[in-house]
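Chain A is the first sequence line, chain B the second, and so forth, proteins listed ahead of strands; every chain is numbered from 1.
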Amino acid sequence: MNCATYPWMKLAHSVTIPCVSQMLSSNVATVGGGGEHDSIGKSTDSTDGGDKSKTNQTSGPDGQLNRSLSFDGRRKVWARVEAHWARVTLDRSVPSSVANSADKHDPQGAVGEQPFYQRIRSWLTSNPQTQTYQQSPVMTKIENVRMLDRYNNRKPSTGTLYLTATHLIFVDPDAKKETWVLLMHVATVQKLPLSTVGAPLQIRCKTFLSVTFVLPRERECHDLYTSLMQMSQPFHIEDLYCFHYTSSLEEIPRTAGWTFFDLETEFQRMGVPNSNWTMTNLNKDYQLCDTYPQCLFVPSSVSTIVLVGSASFRSKGRLPVLTYLHKNQAALCRCSQPLSGFSARCVEDEQLLNGIVQANPNAKFMYVVDTRPRINAMANRAAGKGYENENFYENIKFQFCGIENIHVMRSSLSKLLEACELKTPSMAAFINGVQSSGWLRHIHAILDTSLLVARSLQEGVNVLVHCSDGWDRTAQVCSLAQVLLDPYYRTLQGFQSLIEKDWLSFGHKFTDRCGYLQSDAKETSPVFTQLVDCMWQIQRAYPSAFQFSERLLLHLHDHVYSSQYGTFVGNCEKDRLDLKLSDRTYSLWGNIASHLDEFLNPLYKSDAYTGLLEPNLVPSNILFWRGLYCRFESGVHPRESIADVLLATRDHSTSLEMHIAHLQKRITAMKTLLDVSTPVTDNRLAVDDEDDEQQLGLRLKKSMQVVDDHPLSTSKSADSVFSDGPNIENSITSSFQLRREIDSVSLDWRSLRNIKECVCSTPFDHSSKKSHCWRCGEVFCTRCLDKQTPLPGHATHRPVPVCRSCYKEVRLSSSSITST
Amino acid sequence: MEFAHLIKSPRVEKVLVHRPLNKSVEGVLCITGHHLIFSAGGESPDEFWLIHRIIDLVERKPNTPPAPGGTLTLKCKDFSVISFDFQNSEELNNVSASLDCLSSIENQSLYYPFFYQPVYNVIEDGWTAFRPEIEFSKLVMQQQEDWRISYVNKDYSICSSYPSAVVVPKAVDDDVLIAAASFRVGGRFPVLSYRHEGGAVMMRSSQPPSGPNVKRCREDEKLLNSVLKPGMRGYIIDTRHQSTTPTPKSKGSGGFEIESHYPQWRRIHKPIERLQSLLESLSKLVEACLDTGSSMDKWLSRLESSQWLSYVKETMNCACLVSQCIDQETAAVLLHGGEGLDSTLAVSALAQVILSPDSRTVHGFEALIEREWIQAGYPFVQRHHRSALSNTVSRGKENAPTFLLFIDCTWQIMQQFPCSFEFNEGFLIQLARHSYWSQFGTFLGNNELDRHQMQLANKTVSLWSHLNRPEILRSFLNPLYEPNNRVIWPSVAPMSVNLWPAMYLAYVVEPKVYDDAWRDIAAICEQDKELRSKAQRLRRQLIDLERDAISKGLLDSPSSIGTVFD
């Protein structure tokens with residue numbers, strides 16, 4: 001068949017079917033809200049992104065990944081800009097000789113050259129001609145760049161590419177399309193073979209975005225390539241995004257979130273220390289093990305000598321310590337592999353393990369789970385490492401679990417992504433690709449091992465988990481087993497504690513595994529991605545068991561790789577203390593706490609699952625997570641999101657409940673007013689309403705509990721919300737006031753369907769959070785819905801999200817009421 | 001009792017039953033004319049009924065002698081496998097033989113629907129709910145001058161698989177239809193199947209005959225051209241592979257429309273798998289699903305080699321193509337495969353799900369099934385006699401899960417547009433299952449002639465009468481439904497096409513959590529609606545009170561205050 005004669009035939013072959021009616025895009029040339037938004041998380045094309053072309057977005061759901069440097073912050077960036085950044089800038093406007101000389105600077109050496117930098121900085125700040133894009137200084141601007149679309153090569157969008165200190169931004173003014181790539185998210189940059197139209201550059205991100213730009217000149221392509229290569233992976237940890245990022249719009253202090261987690265408190269929650277388990281200060285200055293936390297929990301019965309001895313027998317000194325004590329006194333412990341070689345043994349280590357067995361009054365033995373495949377463990381023996389010999393250790397049952405190492409996982413993921421990027425995606429090729437990547441097999445192995453560990457603990461038997469160094473597979477298995485076992489870890493707060501405890505405190509090497517810095521690429525591995533994937537699999541099997549939603553997992557995944565928040569910077573607790581992250585950077589937990597509503601699972605029932613979750617792990621029940629790996633191919637996702645609709649419905653119900661409570665109050669007051677004039681009373685209805693009101697109040701409190709329970713919650717506690725504030729008067733002054741109150745609550749919210757963009761013309765795609773204004777019921781993007789105010793028609797004074805124009809009106813009319 | 005001669009052991013004690021996702025229990029097994037009934041004694045009364053027609057395959061495995069008894073395994077058309085342990089060999093043999101016979105009866109008049117008496121009053125009779133005249137008027141609402149109902153087939157002599165009433169262009173008279181019918185395989189001449197709001201139509205037929213001696217048929221050309229205005233273009237979408245249709249040079253004219261004779265029509269091939277290979281594909285899929293002990297790699301490779309998902313994707317792709325022609329090119333489409341019974345109907349029905357908002361409602365979907373499958377003459381009894389778990393020997397050439405393929409595709413679209421369908425996936429599952437075994441007569445008969453002869457409307461109850469009772473329908477409604485008047489374009493990317501767990505894994509993965517989740521979703525939506533109406537009621541009450549107060553002078557009237565702020 002001839003595609004030229006049937007243009008739509010081509011479309012039918014491509015992956016998604018366009019809808020012509022939706023292709024008629026408005027020709028608005030303005031992009032975004034301009035200066036109004038300091039923090040921009042733009043993306044996508046103006047037409048129905050899902051239908052026409054791939055949507056690219058690099059920001060998180062709320063645009064948090066976006067560059068939002070204050071002026072000071074920006075200057076700080078410039079003070080630390082590496083030499084090549086400056087060169088790129090100079091390249092644009094100064095004679096090439098200067099550029100060349102800058103070229104020769106050793107980037108590392110150049111950092112210290114203050115005069116040079118001051119010159120550039122003063123030039124940048126004083127020169128009124130300095131180009132900016134949405135208030136970010138632009139280092140390179142390249143016009144006539146084409147962005148290729150995987151499925152529609154004939155109509156590439158053409159626009160301008162801006163390189164700023166933090167982002168690469170592509171703007172297609174005609175299609176109203178913006179693509180933002182956070183430089184820290186860039187995983188690989190590849191120069192593709194030159195074509196007649198220019199030099200293509202393919203950029204792949206750690207968030208699974210893949211874009212290809214065709215630059216008009218090869219030289220520009222090469223410059224951009226080198227810039228990206230270096231800026232996406234700084235040499236110095238101090239150059240990471242988190243050290244420059246300042247939250248400008250959000251009213252969260254820098255400290256928010258840092259104080260939230262405390263290891264000792266978390267252990268107290270489990271009832272530790274107790275008679276069997278005690279805290280030791282041996283690692284106070286990290287002498288025992290520098291990748292462990294300062295406070296360690298060990299069996300009360302063992303002596304310091306035993307601990308020190310055991311640490312010396314374990315790889316990297318990571319001795320067996322407690323990480324979780326189940327309510328039935330079964331303990332989950334973790335460590336690294338023993339330095340056993342072929343025959344070495346260590347009495348102290350054996351004593352420590354025995355001590356762990358004895359610490360559990362209910363079992364005479366414990367399981368030692370080596371998460372590695374047997375062959376890997378065997379190979380380690382040759383290097384003087386290895387595994388526990390059942391003959392030397394009393395009362396242990398030893399088992400291998402077959403989770404592959406970080407290198408296998410890394411190549412597995414890249415094969416998986418290849419399957420997602422097939423040129424002609426047939427069903428068979430895709431399933432084949434997924435299969436041969438082995439990714440789902442690895443996910444299955446991790447879940448399987450975690451379930452095994454969780455079941456053993458549920459049966460009351462202690463489990464000691466290790467792999468090689470005990471910071472990758474061990475972290476995965478331990479944390480997932482706890483999620484399966486303990487409902488607390490399925491709450492938002494609990495899950496944060498779990499990440500803090502088993503990943504951050506126990507030294508998962510985030511900096512190395514995520515490849516923040518230019519270093520050994522062999523150290524990177526999608527270990528945390530796998531945790532998130534496994535969490536998603538469990539969430540899917542138990543839709544009402546988790547307080548948080550898929551959105552949180554994606555948000556977390558984004559920010560583990562973005563280094564925008566200091567939370568995941570460093571390889572262990574000691575690193576983070578040394579870097580003084582809590583003073584110098586923001587915490588992701590603070591950010592999450594200020595957007596709590598977005599991450600909640602509307603189907604969560606706290607009392608539905610109190611015991612062990614035992615997901616069915618038949619292979620057919622482990623799925624490819626389209627929402628993560630194909631996240632930026634908006635064409636492949638459901639066009640209507642159940643989760644979004646439910647979240648909106650839940651908010652809508654809350655608004656109505658508060659409105660109803662208010663109406664009831666007003667009706668009672670009105671009746672009293674009328675009763676004074678007419679002696680006939682009709683108490684029946686009033687009594688009904690009172691009952692109702694109480695019920696409603698209870699329900700309201702319950703629905704707000706979630707938010708209020710959170711330690712970082714900014715909203716007032718339910719009780720204070722429910723006590724009448726001073727300016728809710730029970731008397732009615734005017735009927736105008738009544739109207740105002742009634743008008744302030746929208747009964748019908750705009751349907752989420754077919755909403756293509758926010759009023760600020762930010763296009764929505766499947767992953768953008770669409771929020772309703774509680775007053776007018778219209779739909780806005782998160783950035784346009786940044787105001788909160790109590791509504792006069794609500795019984796409580798809880799501030800609720802409203803759009804900017806509604807905010808003005810509420811403010812205006814409330815001030816005019818008070819003035820009259 | 002009916003079928004007494006077939007049932008040698010009507011009641012067997014102490015049978016141990018193993019069901020998927022259930023604990024094994026011991027109890028009494030009874031065989032009746034239409035059901036197998038198992039009842040567990042003891043403290044937990046557990047009883048289940050199996051209609052014989054659900055059984056796809058009976059397997060008997062005697063214990064190794066001298067141990068008496070053995071195991072009877074029933075493989076069912078809902079993809080479950082149930083086995084019974086017998087202690088007595090004779091009973092095992094008797095039951096096995098009875099079930100073998102009872103589950104393979106081919107005389108439809110002995111089927112359960114003829115014996116089933118509903119315990120409720122039929123309010124809306126499903127047999128008359130979708131009469132062609134009613135559906136016709138919906139289909140061509142404003143275009144009465146272009147289309148008409150023809151009763152040319154009223155005695156089923158022109159086409160035995162067509163209904164007595166078909167919709168055809170007004171411009172052609174019945175003689176032309178008769179001539180065109182003689183040119184089409186099985187007499188299935190082109191008839192109207194759907195008319196889109198833009199005016200473009202979809203017609204379906206069977207293929208023109210193949211063979212060296214077939215000449216062109218001017219009446220057929222006239223019939224087709226009459227739907228096109230001068231200068232307009234139409235598309236003939238052929239669901240067979242181009243290579244399977246003989247080339248005109250080698251075998252004379254035949255098998256498909258020759259372009260020179262149909263200058264306004266373009267022919268496009270979109271191959272879709274049919275009949276045996278489709279059933280084999282489903283078999284492989286179901287077997288892979290039931291094998292819970294396999295490794296991840298093995299599972300994925302079996303999933304891939306079954307090709308079921310590829311077929312789903314291809315069918316959706318073809319339906320999208322048809323929809324594009326109709327919606328975006330406003331071009332007429334003639335759809336046919338070979339006999340115009342399988343892939344033709346699947347694609348035409350699926351295209352309507354994409355195009356027509358009405359077909360996404362409960363009533364509209366039922367009407368779609370009536371029109372495009374039942375009245376269009378899909379031979380349900382032939383196709384659904386055996387399903388995925390039967391052994392290959394017992395399968396006739398005519399067995400195929402095309403209808404299930406269509407239901408699966410509908411589910412895929414529903415996954416992508418979860419708020420655009422009035423019904424839920426449970427409704428689809430019910431339809432699929434009733435099409436294989438049922439107490440209702442709706443899916444009996446291979447065509448209208450059959451149904452007419454069997455007097456189904458008088459002797460059996462319609463499935464629609466059952467489904468449309470409010471208390472039944474309630475559980476099949478989608479709480480998130482919000483009518484969507486647009487064409488819904490599904491994605492056919494491989495990552496968008498998923499295996500349907502509730503259909504194929506219902507006995508592998510406990511579906512209860514999902515049912516619970518849907519119940520919660522329904523509760524959330526219900527509560528929201530209640531709150532909304534309550535708020536509205538209170539508002540009205542408050543405004544009434546306010547008016548009272550104003551009239552009594554207790555409150556300022558809004559106008560006097562309003563001016564201050566205006």
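- Residue with the most contacts toward chain A among B:Cys318, B:Cys525, B:Ser420: B:Ser420 (heavy-atom pairs, distance under 4.5 Å).
- Chain B forms the most heavy-atom pairs under 4.5 Å with one residue out of A:Leu752, A:Leu623, A:Val745, and that residue is A:Val745.
- Between chain A and the residues B:Glu314, B:Gln416, B:Glu530, B:Lys298, the largest count of heavy-atom pairs under 4.5 Å involves B:Gln416.
- Neither the backbone nor the side chain of B:Ile413 comes within less than 4.5 Å of any heavy atom in chain A.
- Between the side chain of A:Arg639 and the backbone N or O of B:Ile488 there is no donor-acceptor pair closer than 3.5 Å.
- Each of A:Gln435, A:His444, A:Arg441 was scored for a side chain to side chain donor-acceptor pair (under 3.5 Å) with B:Asp297, with one residue passing: A:Arg441.
- Residues meeting the salt bridge (Lys or Arg N to Asp or Glu O under 4.0 Å) test with A:Arg540, sequence neighbours left out: none.
- In this structure, the portions of B:Gln536 lying under 4.5 Å from any heavy atom of chain A include both its backbone and its side chain.
- Only the backbone of B:Ser295 has a heavy atom closer than 4.5 Å to any heavy atom of chain A.
- Looking at A:Pro425 and B:Pro494, their side chains come closer than 4.5 Å, going by heavy atoms from C-beta outward.
- Side-chain contact annotation: B:Gln527 with A:Ser653, donor-acceptor N/O pair under 3.5 Å absent.
- Only the backbone of A:Ser426 comes within contact range of chain B, with heavy atoms under 4.5 Å apart.
- Residue B:Asp516 does not touch chain A at all, counting heavy-atom pairs closer than 4.5 Å.
- Interface with chain A: from residues 503-511 of chain B, residues B:Leu505, B:Val508, B:Val509 qualify, criterion being any non-hydrogen pair under 4.5 Å.
- No donor-acceptor pair closer than 3.5 Å links the side chain of B:Arg486 to the backbone N or O of A:Asn754.
- In this structure, the side chain to side chain contact (heavy atoms under 4.5 Å, CB included) partners of A:Arg650, at least two apart in sequence or on a different chain, are A:Asp597, A:Leu600, A:Leu647.
- The parts of B:Glu304 that come within reach of chain A are both its backbone and its side chain, each placing non-hydrogen atoms under 4.5 angstrom from that chain.
- The parts of B:Ile521 that come within reach of chain A are both its backbone and its side chain, each placing non-hydrogen atoms under 4.5 angstrom from that chain.
- Contact annotation for B:Pro501: neither backbone nor side-chain heavy atoms come within less than 4.5 Å of a heavy atom of chain A.
- Heavy atoms closer than 4.5 Å to chain A are found in the side chain of B:Trp518, but not in its backbone.
- Taking CD from B:Gln307 and CD1 from A:Ile431, the interatomic distance works out to 10.0 Å, rounded to the nearest 0.5 Å.
- In this model, no donor atom of one side chain and acceptor atom of the other lie less than 3.5 Å apart for A:His652 and B:Arg532.
- Partners of B:Tyr514 according to the ring pair (Phe, Tyr, Trp, His ring centres under 6.0 Å) rule, which considers only residues two or more places apart in sequence or in another chain, do not exist here.
- With rounding to the nearest 0.5 Å, the separation of CG in A:Leu738 from CD1 in B:Ile550 is 8.5 Å.
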